[in-house]
Amino acid sequence: MLLILIPTSSDCKIPILAWKLSQFDIEIVVELCFFASFCSPPRIKDEPDDDGFYASPKEDSKPLKRPREDDDILLILQDSKAKKVKSKDKKVPEADKRKKPKKEEEQKWKWWEEERYPEGIKWKFLEHKGPVFAPPYEPLPENVKFYYDGKVMKLSTKAEEVATFFAKMLDHEYTTKEIFRKNFFKDWRKEMTSEEKSTITSLSKCDFTHMSQYFKAQSEARKQMSKEEKQKIKEENERLLKEYGYCVMDNHKERIANFKIEPPGLFRGRGNHPKMGMLKRRIMPEDIIINCSKDSKIPAPPPGHKWKEVRHDNKVTWLVSWTENIQGSIKYIMLNPSSRIKGEKDWQKYETARRLKKCVDKIRNQYREDWKSKEMKVRQRAVALYFIDKLALRAGNEKEEGETADTVGCCSLRVEHIKLHPELDGQEYVVEFDFLGKDSIRYYNKVPVEKRVFKNLQLFMENKQPEDDLFDRLNTSILNKHLQDLMEGLTAKVFRTYNASITLQQQLKELTNPDDNIPAKILSYNRANRAVAILCNHQRAPPKTFEKSMMNLQSKIDAKKEQLADARRELKSAKADAKVRRDEKSKKTVESKKKAVQRIEEQLMKLEVQATDREENKQIALGTSKLNYLDPRISVAWCKKWGIPIEKIYNKTQREKFAWAIDMAEEDYEF
DNA sequence: CACTAAACTTAGCAATCCGAGC
DNA sequence: GCTCGGATTGCTAAGTTTAGTG
């Protein structure tokens, strides 16, 4: 198929083209959206309305995709921004290729205006300097003592290093925990000489307090350092960043996210982790796998050392990897979120969620049907999916017992995690959830559900022990396979992304009051954001200084109120004065007093809004959803629509991460 | 199909930074 | 200039999903 489109004004033609194509090939539509969204204001919302692909039963049976080999689409635009869009595996005559704008280079490279690589290929050229290793251990000064059983004991360097890890944590509650102490002691002994091992047989006889004091003094000293010294450290860090913090990927210099190797220390998992206190060992060059281009300058290992391996795999995005010793998992050094490779993926994630939007109704109807299935497996799948959709639960992979904290997600819920209330507080069929999720954050919620769901849950729980799986015929793999059949690229987490983003969009619509001033509008934004955070259960520990800071803010408000009262009094008397005198000067005074009152009113309002916002945010973390779940184009569009500076919503880092969205979304963007 | 390894995203907390108010 | 406290950044653990294997 060859299609040539010559629009007169680029704005209106794209959707029409998309419409026509959509009847043939979904993939192409996606690419066109991509295209449409950069060549002119994104008009994705104008895409054909759904039913084409999903809603109509007729379309349903048809394969979503047809072989791409036949497709060769070429768009030629007359406008200067001409770009080509072609199907991945076909060549387009070289002559038609227009040079990308040169010299726009590094400053702000708009990777989103470029063609994407074929599936699987992550880069063509990659060069970097390798990782920065943790600084070597510096033995304690002679005068800092360790005591065993009341007596001074000089430790070998290795044993001492591990001891310092413990000493540095002495104030933490977890050094009192049995598991932590047991794990620590076991691993510490492995680092001891045989004499040390035979002497040090009990952790409770170890006295780290002197060491601990020394470290406290050290960190105090660090705070007290002179400006020059601090400046020097800062410069050293900048040098390190400059040298190791960037790589070259396909002609562009890109920021690396974590170029420093994690230093050794004691592992402290989240929650009740069975491995807490274990020694996280020092990573050496011999542990490191380097990934880069064959034809790049390969990073040199530190003198006297070798890399474990150097490979050239452009099917992956990481630059460096090593295996960590606590869980035996692999750790990676990868690029910053502002990089092309992360940004594209992020963008794609939201596009997948938007595709779900088009077929979510159908999927919902489907799982509601499945609640009635005669197959247990299907019913369980359908109820689980309902939870994932309605409550934004995570998928819930099974975990190896004893390796990690006991936490669950949807598929791994156990009978003990829910309670069924046929009636509760005047509501029917209430399910009470109470479990620890990711990071051992508690999920607690009472949710009225459909009668069918309730009955199914009763069925699933029959003859089971509290510690049995609620969905015993289901796991994430089964669920995701099913989802894949419902929509290409659909997995459990897409529901979280979709529901988060659609909630933000809908809440913004509902909460934004056109007459509000900017701070009040931002409060509305934060409230919409908060609704999402609550949905996703993004909690935080109330800041330690919360109460105090609230009090401070309140006193500021009180002060401002007084100030306002004063200003009003002054205005009043000025007015009275002006009435008597009737001269220019007193009129001017009235004006300026009026202005002052207004200014103070605004300040007061701002403070009050701030107080409300903070109070409502006490235990809610907004960052996670903002960064990972909310399509940034929704926020950008909202800002444009209401004239809110984007800086009020996204800080510098966030603006870098979302540069693509800030550049392409217009005020009419719809998720 | 079950199992595991690998790759990549998502997560909360602690350390650090930085600017407003003294 | 200095200090306090909120904002930002860094850190790395803990998830999800995919790919590979027998």
Side-chain angles (χ1 to χ4, degrees), chain A residues 120 122 134 172 219 222-223 227 230 233-234 237 241 245 257-263 265 267-271 273 275-276 280 289 291 313 315-318 321 323-324 326-337 341-342 345-346 348-349 388 393-400 403-405 407-412 436-441 475-481 483-484 489-497 500 533 536-541 543-546 548-550 552-553 556 559 610 614 617 619-629 650-654 656:
Chain A
K122 303 296 168 66
H172 251 107
S219 70
R222 220 171 307 127
K223 271 185 225 156
K227 240 197 224 141
K230 281 185 182 167
I233 291 175
K234 209 174 164 186
N237 284 335
L241 174 68
N258 56 327
F259 59 92
K260 289 179 183 160
I261 301 260
E262 297 168 22
F267 177 82
R268 171 60 170 114
R270 317 261 167 85
H273 198 116
K275 298 198 171 184
M276 64 170 86
K280 195 166 99 164
I289 302 175
N291 192 34
D313 182 358
K315 307 277 193 299
V316 296
T317 67
W318 53 268
S321 77
T323 301
E324 150 272 347
I326 302 291
Q327 314 282 354
S329 64
I330 306 171
K331 301 252 181 166
Y332 304 92
I333 291 182
M334 292 179 183
L335 297 194
N336 200 67
I341 214 159
K342 293 293 183 189
K345 199 78 188 297
D346 204 38
Q348 194 184 306
K349 171 181 78 185
I388 284 172
L393 300 190
R394 296 188 184 82
N397 290 293
E398 36 301 46
K399 306 168 76 188
E400 219 175 322
E403 293 292 301
T404 58
T407 62
V408 298
C410 185
C411 294
S412 50
L436 297 182
K438 182 176 179 179
D439 294 317
S440 291
I441 297 291
N475 61 40
T476 53
S477 164
I478 295 170
L479 178 67
N480 278 336
K481 227 161 261 158
L483 293 176
Q484 196 60 234
L490 187 60
T491 62
K493 84 187 186 94
V494 177
F495 281 88
R496 254 168 100 79
T497 311
C536 293
N537 199 40
H538 291 142
Q539 298 190 30
R540 63 166 186 178
K544 288 186 181 70
T545 54
F546 186 83
K548 204 171 92 189
S549 85
M550 247 4 239
N552 285 347
L553 194 53
K556 264 193 197 171
Q610 202 186 347
R614 194 179 297 174
N617 228 23
Q619 309 200 55
I620 316 264
L622 299 186
T624 303
S625 49
K626 203 185 230 182
L627 227 51
N628 299 304
Y629 289 103
Y650 291 137
N651 67 33
K652 187 165 150 281
T653 318
Q654 294 167 158
E656 278 165 16

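First the proteins, then the strands, lettered A, B, ... as listed; each starts at 1. Predicted, not measured: the structure shown is a model, and the values here were computed from it. Worth knowing before you read on, the calculation uses all heavy atoms, side chains too, and leaves out hydrogens, waters and symmetry mates.
- In this structure, A:K349 reaches the B:dT10 phosphate: one of its side-chain N or O atoms is under 4.0 Å from OP1 or OP2.
- For the pair A:K315 NZ and B:dC8 C1', the computed distance is 17 Å after rounding to whole Å.
- A sub-4.0 Å separation between OP1 or OP2 of B:dA7 and a side-chain N or O of A:K331 is absent.
- Each of A:K345 and A:N537 was assigned the nucleotide of DNA chain B with the nearest heavy atom; the assignment lying further toward the 5' end belongs to A:K345.
- Residues A:L483 and A:F495 have side chains in contact (heavy-atom distance under 4.5 Å, counting atoms from C-beta outward).
- Counting non-hydrogen atoms under 4.0 angstrom, A:S477 reaches nothing in the nucleic acid.
- If you check every strand for non-hydrogen atoms under 4.0 Å, A:I441 touches sugar and phosphate atoms only.
- As judged by a 4.0 angstrom heavy-atom cut-off over every strand, A:A492 is placed among residues touching the sugar-phosphate backbone only.
- For the OP1/OP2 pair of C:dA13 and a distance below 4.0 Å, the side-chain nitrogens and oxygens of A:H273 include no atom meeting the criterion.
- Atom-to-atom, CG of A:N628 to P of B:dT9 comes out at 10 Å; the value is rounded to the nearest Å.
- Residue-level contact check: A:R496 touches the backbone only, with heavy atoms under 4.0 Å from sugar-phosphate atoms and none from bases.
- Nearer to the 5' terminus of DNA chain B, by closest-nucleotide assignment, is the contact made by A:K481 (compared with the other of A:K481 and A:C536).
- Residue A:G623 is classed as having no contact, given no heavy-atom separation below 4.0 Å to the nucleic acid.
- The side chain of A:N651 places an N or O atom within less than 4.0 Å of a non-bridging phosphate oxygen (OP1 or OP2) of C:dT8.
- Between A:Y629 and the phosphate of B:dA11, there is a side-chain N or O to OP1/OP2 separation shorter than 4.0 Å.
- Contact annotation: side chain of A:K438 to base of B:dT10, donor-acceptor pair present below 3.5 Å.
- Using a 4.0 Å cut-off, no side-chain N or O of A:K260 falls inside it from OP1 or OP2 of C:dG10.
- At a threshold of 4.0 angstrom between heavy atoms, the contacts of A:Q539 are confined to the sugar-phosphate backbone, with no base atom among them.
- Listed pair A:R394 / B:dA11 meets the phosphate criterion, a side-chain N or O lying under 4.0 Å from OP1 or OP2.
- The separation between A:E324 atom CD and C:dT12 atom C1' is 10 Å, rounded to whole Å.
- No side-chain donor from either of A:S412 and A:K399 sits under 3.5 Å from a side-chain acceptor of the other.
- Heavy atoms of A:K223 sit nowhere under 4.0 angstrom from any nucleic acid atom.
- Residue contacts shown for A:T407 are limited to sugar-phosphate atoms, with no base heavy atom under 4.0 Å away.
- The nearest heavy atom of DNA chain C to A:I261 and to A:K399 marks one nucleotide each, and the one closer to the 5' end goes with A:I261.
- The residue A:Y332 sits close to a base: some heavy atom pair falls under 4.0 Å.
- As judged by a 4.0 angstrom heavy-atom cut-off over every strand, A:P337 is placed among residues making no nucleic acid contact.
- Across all strands shown, A:N397 has heavy atoms under 4.0 Å from base atoms, whether or not it also approaches the sugar-phosphate.
- Where A:E398 and A:K652 meet DNA chain C, the nucleotide closest to each residue was compared, and A:K652 sits on the side nearer the 5' end.
- Within 4.0 Å of A:K122, counting heavy atoms only, lie sugar-phosphate atoms of the nucleic acid but no base atom.
- Between A:T624 and B:dA11 there is no side-chain polar atom (N or O) within less than 4.0 angstrom of OP1 or OP2.
- Residue A:G409 is out of contact with every strand shown, counting any heavy-atom pair closer than 4.0 Å.
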